[in-house]
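Chain identifiers are assigned alphabetically (A, B, ...) following the order of the sequence lines, protein sequences preceding nucleic acid strands; residue numbering begins at 1 within each chain.
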Amino acid sequence: MSTPTTRHLHDWDLAPRDAIALQRRLAGQVERQDRLAGEVKYIAGVDIGFEPSLGTDREVGKRDGITRAAVVVLNWPELNVVEHVVAREPTRMPYIPGLLSFRETPAALAAFAQLKHKVGLVMVDGHGIAHPRRLGVAAHLGLWLDLPTLGVAKKRLTGQHGEVPEERGAWTPLKHDCEMLGIVLRSRAGVKPIFVSPGHRLSIDSARDWAIACLGRYKLPEPTRLADRLASRRDASS
DNA sequence: GCGACAG
DNA sequence: ATCTTGTCGC
């Protein structure tokens with residue numbers, strides 16, 4: 001943050017080219033091996049929702065309006081909700097493929113700041129290292145929280161993969177050339193597969209195991225599914 | 001230049 | 001992401 005073009009900007013209000021440069025630097029700090037802090041007792045699920053601005057510009061995809069971060073804490077292995085928080089922050093940046101974390105992380109951090117439980121693992125709605133510069137929202141948030149994270153996305157951003165068997169629990173690797181980025185998982189029979197990739201302090205194998213271990217009777221793993229539901233509720237207070 | 005493109 | 005009712009299917 002010292003060059004003429006970035007000096008006056010905050011980490012989250014970067015111009016696309018500066019955000020991309022920052023991602024390249026931060027990607028080198030992401031730990032791809034397991035480094036859990038003891039036994040996992042609580043798992044957090046994170047998702048972001050948006051409230052359009054009133055008045056003239058009602059477009060949710062641009063600026064203005066409110067970014068709503070929902071964090072749900074589940075105990076392990078019961079997977080029961082023990083805490084939930086919703087934080088509302090003004091939207092600063094529009095959605096740009098590849099720069100999602102700059103739009104969503106500020107609100108997510110605000111929500112985590114209010115959390116009472118000490119979570120050992122964080123599951124984020126979006127990709128981890130399965131990103132063009134290997135710094136998807138799950139990896140970026142993991143660095144900020146200094147916690148193990150994994151990303152669970154509903155669509156592919158980058159990488160290629162083969163067909164995924166129809167049975168629940170089946171998966172196939174997601175890779176870019178020869179580099180493994182994560183897996184494509186059939187979380188439910190007869191439903192489009194989800195994309196699982198590690199964020200920070202987690203291996204690909206562990207990210208896969210945790211995603212599968214957190215599956216309930218729905219397409220999305222419980223942490224992310226519940227956060228999703230909370231983030232998109234009309235009445236969002238806390 | 002053309003297509004792809006998390007939420 | 002968000003705007004939205006009914007409807008097909010297990």
Side-chain angles (χ1 to χ4, degrees), chain A residues 12 16 19-20 23 26-27 30 45-55 57-71 86-109 111 122-142 149-161 166-168 174-177 181-200 207 211 217-221 223-225 227-236:
Chain A
W12 309 114
I20 289 172
Q23 289 184 319
L26 294 178
V30 174
V46 189
D47 187 42
I48 274 63
F50 297 91
E51 302 172 15
S53 58
L54 268 21
D57 186 4
R58 293 192 47 72
E59 295 184 65
V60 179
K62 301 180 74 178
R63 289 166 163 251
D64 302 318
I66 294 295
T67 295
R68 187 196 291 163
V71 176
V86 172
R88 300 171 76 253
E89 293 283 313
T91 302
R92 306 179 181 185
M93 181 170 283
Y95 167 67
I96 298 173
L99 300 181
L100 180 66
S101 64
F102 290 87
R103 176 172 163 81
E104 304 194 335
T105 304
L109 292 175
V122 181
M123 184 180 289
V124 186
D125 187 298
H127 292 285
I129 63 171
H131 175 280
R133 292 168 292 283
R134 310 296 181 261
L135 196 81
V137 62
H140 201 164
L141 181 61
T149 60
L150 71 150
V152 174
K154 296 177 283 299
K155 296 177 181 175
R156 184 195 71 89
L157 206 211
T158 191
Q160 40 275 155
H161 64 86
E166 292 297 330
E167 319 85 65
R168 177 195 144 117
L174 173 68
K175 49 175 62 177
H176 179 56
D177 293 333
L181 301 177
I183 66 157
V184 187
L185 172 69
R186 186 75 67 182
S187 53
R188 253 201 99 171
V191 176
K192 296 206 309 181
I194 59 178
F195 300 76
V196 179
S197 61
H200 185 46
R217 53 176 298 193
Y218 303 92
K219 167 177 177 173
L220 296 176
T224 312
R225 183 181 75 81
D228 252 272
R229 206 180 49 156
L230 181 59
S232 59
R233 286 183 38 172
R234 268 299 192 182
D235 59 308

Does [X] use its side chain to pair, donor to acceptor, with the backbone of [Y] at less than 3.5 Å?
{"X": "A/T91", "Y": "A/T67", "answer": "yes"}
{"X": "A/H140", "Y": "A/G199", "answer": "no"}
{"X": "A/S187", "Y": "A/L220", "answer": "no"}
{"X": "A/H131", "Y": "A/G98", "answer": "yes"}

To the nearest Å, how far apart are [X] [atom1] and [N] [atom2]?
{"X": "A/M93", "N": "C/dA1", "atom1": "CE", "atom2": "P", "result": "20 Å"}
{"X": "A/H140", "N": "B/dG7", "atom1": "NE2", "atom2": "C1'", "result": "16 Å"}
{"X": "A/I66", "N": "C/dT2", "atom1": "CD1", "atom2": "P", "result": "14 Å"}
{"X": "A/E104", "N": "C/dA1", "atom1": "CD", "atom2": "P", "result": "9 Å"}

> How about A/D47 and A/L230: do any of their side-chain heavy atoms sit closer than 4.5 Å?
Replying inline: no
> Are any of the side-chain nitrogens in A/K154 or A/D125 under 4.0 Å away from the carboxylate oxygens of its partner?
Replying inline: yes
>> Do the side chains of A/R186 and A/E167 get close enough for a salt bridge, i.e. N-O under 4.0 angstrom?
In response: no
Distances under 3.5 Å only, N/O to N/O: pair up the protein atoms with those of nucleotides 3-6 of chain B.
{"from": "B/dC5", "atom 1": "OP1", "to": "A/R156", "atom 2": "NH2", "distance (Å)": "2.7"}
{"from": "B/dA6", "atom 1": "OP2", "to": "A/Y95", "atom 2": "OH", "distance (Å)": "2.5"}
{"from": "B/dA6", "atom 1": "N7", "to": "A/G98", "atom 2": "N", "distance (Å)": "3.1"}
{"from": "B/dA6", "atom 1": "N6", "to": "A/G98", "atom 2": "O", "distance (Å)": "3.1"}
{"from": "B/dA6", "atom 1": "N6", "to": "A/L100", "atom 2": "N", "distance (Å)": "3.2"}
{"from": "B/dA6", "atom 1": "N6", "to": "A/H131", "atom 2": "NE2", "distance (Å)": "3.4"}
{"from": "B/dA6", "atom 1": "N1", "to": "A/V137", "atom 2": "N", "distance (Å)": "3.1"}
{"from": "B/dA6", "atom 1": "N3", "to": "A/H127", "atom 2": "N", "distance (Å)": "3.3"}

> What orientation do A/H161 and A/F195 show, parallel under 30°, tilted 30 to 60°, or perpendicular over 60°?
Replying inline: perpendicular
>> Reading 5' to 3' and counting Watson-Crick or G-U wobble pairs with both distances under 3.5 Å, write the dot-bracket notation for DNA chain B, | for bases paired outside the strand.
In response: .......
